[in-house]
Colleague: 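Here's a structure for you.
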Amino acid sequence: MLALVAACNGRIGGTGEPTEPGAGPGSAGGTGPGSAQVPEDPEDVLASPFCQAPQPGPAPLRRLSNHEYSNTLKDLFAGVPGVASTVDTAVATFPHEPESLGFRNNASFLTVGSLVAQKYLDAAEQIAAVAARAPGLVSCDPAALGELECARDFIRTFGGRAYRRPLTEAEIQRYEERFTAGADGHAFEDGIEWVVFSMLQSPNVLYRVELGKPSAGDVTEPTPYEMASRLSYLVWQSQPDEELTRAAAADELGTPEQIEAQVRRMLADPRADRLFEYFDQWLDTDLLSGMTRDPAVYPDLVPGLPALLQEETRAFVKSLFSSPSGSFDELLTADYSFVNGPLAQHYGVSGVSGDAFVKVDMPGRAGVLTQGMLLARDKATRTSIVRRGLKVRTDLLCRLVPAPPNDVQLDLEGLGAELSQRERLELHRTEPSCAGCHALMDPIGVVFESFDAVGRSRTVDEDGRPVDTSSDITATLDVNGPLASAAELGQRLAQSEEARACYVLQNFRFFFGRDTTDADRCSMAALSTAFKESGYSLSELVVALAQTDAFRYRPVINPETP
């Protein structure tokens, strides 16, 4: 039986943007290009002596990603006028995070250099200035209670929310001193501004600090407040709410049942929409904002098409997450999508008007495979067979496609103006230095040629030549064979143990902010089993993430270990 646990346990193939042809972030695989490994059986792994004790794997210190920072500060200042827009303005100037394993939240790469530190300082200064003078930030009345006593109350309440745990007496004292220094000779609001400015630059705010419970063994658990943060950043990509904080204070986040109940509660909250950041990065729909198309080749495009395409995928994924029956199968095979009036006009779908996205039948489609993901790396004047195939090979099958040799010819246009793109690539593969890698990408990419570079169905390419989507896939565990269309590829991937394993791995990488290690074999086996038993439910996999050893435990850090 093919298992889900180890089909995708390779390593990164490249950290930069892929070129055509080449390797992209998230590339992973076996010992050679496109190599397939026989996976372990999850039941055997879980029954092994290795998994009879918790095996959490590493728990690195995680700096907030830009997405998490924005969400956290907006929740921290919820109800305070003017802060949300100030946060958006500040975060827009932040440097882009490095991409690794296909995602931009890998803990190993979210360092704070001088530029990032300066941006955090600038953001804290802007936000504190607005918040301190806005109604709703300070709940007490300094005139009635006394300025210092009111400041102390603010430091305890706001500081506890900002730090995501109660402040120590020493911390409270330091912030009281900051208030006094800021308010001396000035207004109460100036002192509050100094406090907020200082707090927003604290590592306790910018990082998800975890020390764990005291333990004499090699494994410990997060403290209740640390577990509250693990839960909130798993589902909401933000700080804990009042219910999680209350549960942490009552030590009600320790059992699997308590954790599961919280995850299900949080998934039902509108803030769960924020976990779609995973899909934006995994499917490359976050790249659509930079999409440009030559108007001479693609005239009369509807205004704001990139944003419409991104919203199409979000509406589609949201519909799957709204029910436990929303499955991996449907994610890749659905012959329907969601459109509003302008996008319906773009696709040629009748009967839809207005701004709301509604479900419509779209025969020949294959879920997310034929949505914005398909177009994110196309070119201004044509589709990119190579990049489309690369995306599937690396991010849906988790296989390695090495970067091209330095001296290889990358310009397909120079291979013959009279040839179609498919024919040029077939000629390109006659070169021994190109054949090995292109055989992994091109046969997958050609099945999408019935969709142009703006996502519309077509029967002829940009030059008026008939498109041919027939192909033959190789170098996979269980997807090999002839294919006729993108819809057939979607069906094949949806039933593939290798693709299911890759999906589990990609979830692990994003939600834990790191790659798997040997110590994560038990967690991956548990995820694979839960995913299968749920009928490959997308939302149930998120619930299962919170039940793994990697989530519930953490290794003990020995300060004497070099």
Colleague: Under the ring pair (Phe, Tyr, Trp, His ring centres under 6.0 Å) rule, collect the residues that match up with Phe279, sequence neighbours excluded.
Modeller: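 Here the qualifying residues are Phe321.
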Colleague: Which label fits Tyr120 and Tyr69: parallel for a plane angle under 30°, tilted from 30 to 60°, or perpendicular past 60°?
Modeller: tilted
Colleague: Which pairs would a plain distance check flag for residues 217-225, meaning a side-chain donor or acceptor within less than 3.5 Å of a matching protein atom at least two apart in sequence or in another chain?
Modeller:
unit_1	atom_1	unit_2	atom_2	d
Thr220	OG1	Lys213	O	2.7
Thr223	OG1	Glu226	N	3.2

Colleague: If we check side-chain contact (heavy atoms from CB on, under 4.5 Å) with Leu110, which of these qualifies: Glu68, Arg62, Arg63?
Modeller: Arg63
Colleague: Give the minimum heavy-atom separation between Asp355 and Asn340, together with the two atoms involved.
Modeller: O-CB, 3.2 Å
Colleague: With sequence neighbours excluded, what pairs up with Phe158 under the ring pair (Phe, Tyr, Trp, His ring centres under 6.0 Å) test?
Modeller: Phe77, Phe154
Colleague: Ser322 side chain to Ser319 main-chain N or O, any donor-acceptor pair under 3.5 Å?
Modeller: yes
Colleague: So, for Pro324 and Ser537, which heavy atoms are closest and what is the spacing to 0.1 Å?
Modeller: O-OG, 2.7 Å
Colleague: Would you say Arg554 and Arg230 make side-chain contact, with heavy atoms under 4.5 Å?
Modeller: yes
Colleague: If you look at every heavy atom in Leu288 and Ala376, which pair is closest and at what distance?
Modeller: CD2-CA, 4.1 Å
Colleague: Can you tell me how far apart OG (Ser232) and CD (Gln262) are? Round to the nearest 0.5 Å.
Modeller: 10.5 Å
Colleague: Run the numbers on Gln281 and Glu277 for side-chain hydrogen bond (donor to acceptor under 3.5 Å, both in side chains), then give the verdict.
Modeller: CA-CA 6 Å; Gln281 294 189 32; Glu277 178 73 6; 2.9 Å; yes
Colleague: Can you confirm whether Asp141 is buried at CG, in the sense that more than 12 heavy atoms of other residues, nucleotides or ligands lie under 6.0 Å from that atom?
Modeller: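 Yes, because the 6.0 Å sphere around CG of Asp141 holds more than 12 heavy atoms from other groups.
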Colleague: Can you tell me which residue pairs pass the salt bridge (Lys or Arg N to Asp or Glu O under 4.0 Å) test with a partner in residues 87-98, sequence neighbours excluded?
Modeller: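 Salt bridge (Lys or Arg N to Asp or Glu O under 4.0 Å) check on residues 87-98 returns Lys74-Asp88, Glu97-Arg104.
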Colleague: Can you list the steps and then say if Phe531 with Tyr503 is a side chain to side chain contact (heavy atoms under 4.5 Å, CB included)?
Modeller: CA-CA 10 Å; Phe531 195 38; Tyr503 183 76; 3.7 Å; yes
Colleague: Suppose we screen for ring pair (Phe, Tyr, Trp, His ring centres under 6.0 Å). Which residues come up paired with Tyr278, at least two apart in sequence or across chains?
Modeller: Phe103, Trp282, Phe510, Phe511
Colleague: Is the backbone N or O of Val504 less than 3.5 Å from a side-chain atom of Asn507, with the two atoms forming a donor-acceptor pair by type?
Modeller: no
Colleague: Supply the atom-to-atom distance Asp515 CG to Ser108 OG, rounded to the nearest 0.5 angstrom.
Modeller: 9.5 Å
Colleague: Quick check: do Glu125 and Phe197 have side-chain heavy atoms less than 4.5 Å from each other?
Modeller: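 Side-chain contact under 4.5 Å: yes.
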Colleague: Under the side chain to side chain contact (heavy atoms under 4.5 Å, CB included) rule, collect the residues that match up with Arg314, sequence neighbours excluded.
Modeller: Asp280, Gln310, Glu311
Colleague: Test of understanding: with side chain to side chain donor-acceptor pair (under 3.5 Å), list the residues that count as partners of Asp241, not counting sequence neighbours.
Modeller: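 With sequence neighbours excluded, Asp241 shows a side chain to side chain donor-acceptor pair (under 3.5 Å) to Arg265, given in chain and number order.
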Colleague: Could you check whether any side-chain heavy atom of Arg552 comes within less than 4.5 Å of a side-chain heavy atom of Pro54, counting everything from C-beta outward?
Modeller: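 SC-SC contact between Arg552 and Pro54 ruled out.
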Colleague: Can you name the residues that form a side chain to side chain contact (heavy atoms under 4.5 Å, CB included) with Thr255, not counting sequence neighbours?
Modeller: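 Thr255 satisfies side chain to side chain contact (heavy atoms under 4.5 Å, CB included) with Glu257, Gln258 once adjacent residues are dropped.
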Colleague: For the CD atom of Gln237 and the OG1 atom of Thr72, what is their distance to the nearest 0.5 Å?
Modeller: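 Separation between the atoms: 9.0 Å.
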Colleague: Would you check if Thr245 and Arg161 make a side-chain contact, meaning some heavy-atom pair closer than 4.5 Å?
Modeller: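 The answer is no; the side chains never approach within 4.5 Å.
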Colleague: Could you go through the side chain to side chain contact (heavy atoms under 4.5 Å, CB included) check for Leu231 and Val263 one step at a time?
Modeller: CA-CA 7 Å; Leu231 286 164; Val263 174; 3.6 Å; yes
Colleague: Is the positively charged end of Arg521 above the ring of Phe50, judged by distance under 6.0 angstrom from the centroid and angle within 45° of the axis?
Modeller: yes
Colleague: Considering non-hydrogen atoms only, spot the tightest contact between Ala494 and Asp329 and give its length.
Modeller: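 The answer is CB-CA, 3.7 Å.
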Colleague: Do Phe338 and Leu343 come close enough that some side-chain heavy atom pair is under 4.5 Å?
Modeller: no
Colleague: Can you measure from OH (Tyr553) to CD (Gln55) and round to the nearest 0.5 angstrom?
Modeller: 11.0 Å
Colleague: With a 4.5 Å cut-off on side-chain heavy atoms, are Leu489 and Leu332 touching?
Modeller: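 No - every pair of side-chain heavy atoms lies 4.5 Å or more apart.
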Colleague: Strictly by side-chain hydrogen bond (donor to acceptor under 3.5 Å, both in side chains), give each pair with a member in residues 193-209 just once, sequence neighbours left out.
Modeller: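 Only Arg133-Glu193, Tyr163-Ser202, Arg165-Asn204, Arg178-Ser198, Ser202-Asn204 qualify under side-chain hydrogen bond (donor to acceptor under 3.5 Å, both in side chains).
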Colleague: For Ala134, give me all partners under side chain to side chain contact (heavy atoms under 4.5 Å, CB included), at least two apart in sequence or on another chain.
Modeller: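 Scan of Ala134 (side chain to side chain contact (heavy atoms under 4.5 Å, CB included), adjacent residues dropped) gives Val80, Pro81.
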Colleague: Quick one: does any side-chain atom of Gln547 pair with a main-chain N or O of Pro256 as donor and acceptor, under 3.5 Å?
Modeller: yes
Colleague: Looking only at side-chain N and O atoms, does Ser496 offer a donor or acceptor that is under 3.5 Å from a partner on Asp478?
Modeller: yes
Colleague: If you round to the nearest 0.5 Å, how far is OG of Ser528 from CD of Glu533?
Modeller: 11.0 Å
Colleague: Stepwise, does the side chain to side chain contact (heavy atoms under 4.5 Å, CB included) test hold for Met373 with Asp395?
Modeller: CA-CA 11 Å; Met373 182 194 85; Asp395 290 354; over 6 Å; no
Colleague: How long is the straight-line distance from CG of Asn66 back to CG of Asn71, given to the nearest 0.5 Å?
Modeller: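 Going from the CG atom of Asn71 to the CG atom of Asn66 covers 11.0 Å.
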Colleague: Between Glu312 and Ser337, do the side chains contain a donor N or O and an acceptor N or O under 3.5 Å apart?
Modeller: yes
Colleague: Quick one, Val112 and Leu206 - any side-chain contact, counting heavy atoms below 4.5 Å?
Modeller: no
Colleague: Name all pairs fulfilling the salt bridge (Lys or Arg N to Asp or Glu O under 4.0 Å) condition that reach into residues 149-158, sequence neighbours left out, sorted by first residue then second.
Modeller: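 Residue pairs passing salt bridge (Lys or Arg N to Asp or Glu O under 4.0 Å), neighbours aside: Glu149-Arg152, Arg152-Glu176.
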Colleague: Within the structure provided, determine whether Pro56 and Pro555 are in side-chain contact (heavy-atom separation under 4.5 Å).
Modeller: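 Side chain of Pro56 against side chain of Pro555, heavy atoms only: contact under 4.5 Å found.
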Colleague: With a sphere of 6.0 Å drawn around CD of Glu242, does it hold more than 12 non-hydrogen atoms of other residues, nucleotides or ligands?
Modeller: no
Colleague: What residues form a ring pair (Phe, Tyr, Trp, His ring centres under 6.0 Å) with Tyr336, not counting sequence neighbours?
Modeller: Phe316
Colleague: Would you name the heavy atoms of Gln52 and Leu46 that are closest together and state the gap between them?
Modeller: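 For Gln52 and Leu46, the tightest heavy-atom pair comes out as NE2-O, 3.1 Å.
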Colleague: List the atom of Leu137, the atom of Ala131, and the distance in Å for their closest heavy-atom pair.
Modeller: CD2-O, 3.3 Å
Colleague: Check the pair Arg274, Ser238 against side chain to side chain contact (heavy atoms under 4.5 Å, CB included), reporting the backbone distance first and the verdict last.
Modeller: CA-CA 9 Å; Arg274 293 170 176 173; Ser238 185; 3.3 Å; yes
